[in-house]
Amino acid sequence: SAFAISRGPPIVEAAESTAVTIDLGAAYRLNPAPEYPPLALRRGWQGTVRLRVTLDPEGHPTQVSLAASSGYPMLDDAALAAVSRWQFRPATRLGKPVAATVEVPIVFRINR
């Protein structure tokens, strides 16, 4: 294809010292990739957007914010819009579902 949008491995943050386990597995990979904005494609804009995603115990995003910009607000907005609709496998602590925060990298790349 003319471009690729990939989802890198998420980084999990634990508020407490007790380990939080989050296995995003298939549920993470099945989420639809953001759409590459046509104007960004035409202009050759590429970059990595890092999103900070706060999840409720069921794995639904309750807050999605920009941790690091791609340098292009259009790409950042496309990533924010897509990830806010994603479903994640719930994080667990001692076998019980818990809220968690993950950082999700979204890479916009044009294949030439």
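Values below: every heavy atom of this structure, side chains too, minus hydrogens, waters and symmetry copies. We number each residue from 1, following the sequence as shown. Not measured: the values here are computed from a predicted model.
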Check your understanding: Going from CD1 on Ile110 to CZ on Arg42, what distance comes out if it is rounded to the nearest 0.5 angstrom?
Key -> 11.5 Å
Check your understanding: Taking all non-hydrogen atoms of both residues, which atom of Ala40 and which atom of Leu75 are closest, and how far apart?
Key -> CB-CD2, 3.7 Å
Check your understanding: Within a strict 4.5 Å, meaning less than it, do heavy atoms of the Val83 and Ile106 side chains meet?
Key -> yes
Review point. How many angstroms lie between CZ in Arg89 and CG in Leu55, if you round to the nearest 0.5 Å?
Key: 13.0 Å
Review point. Which heavy atom of Gly71 sits nearest a heavy atom of Ser69, and at what distance?
Key: N-OG, 2.8 Å
Point to revise | Results of side chain to side chain donor-acceptor pair (under 3.5 Å) for Thr62 - residues two or more places apart only | key: none
Practice item. Classify the ring geometry between Tyr72 and Trp45 as parallel (under 30°), tilted (30 to 60°) or perpendicular (over 60°). Key: parallel
Practice item. Enter the distance from Leu66:CG to Arg50:CZ here, rounded to the nearest 0.5 Å. Key: 11.5 Å
**Study point:** Any side-chain heavy-atom pair of Val49 and Pro105 under 4.5 Å
**Key:** no
Point to revise | Validation row: Leu39, Met74 side chains within 4.5 angstrom (heavy atoms) | key: yes
Exercise for review: Taking the side chain as every heavy atom from C-beta outward, state whether Arg52 and Thr101 have any atom pair closer than 4.5 Å.
Suggested key: yes
Review point. Which pair of non-hydrogen atoms, one from Pro61 and one from Val53, has the smallest distance, and what is that distance?
Key: CB-CG1, 3.9 Å
Exercise for review: Would you check if Phe108 and Ser70 make a side-chain contact, meaning some heavy-atom pair closer than 4.5 Å?
Suggested key: no
Check your understanding: Sequence neighbours excluded, which residues qualify as side-chain contact (heavy atoms from CB on, under 4.5 Å) partners of Ala82?
Key -> Pro34, Arg85, Trp86
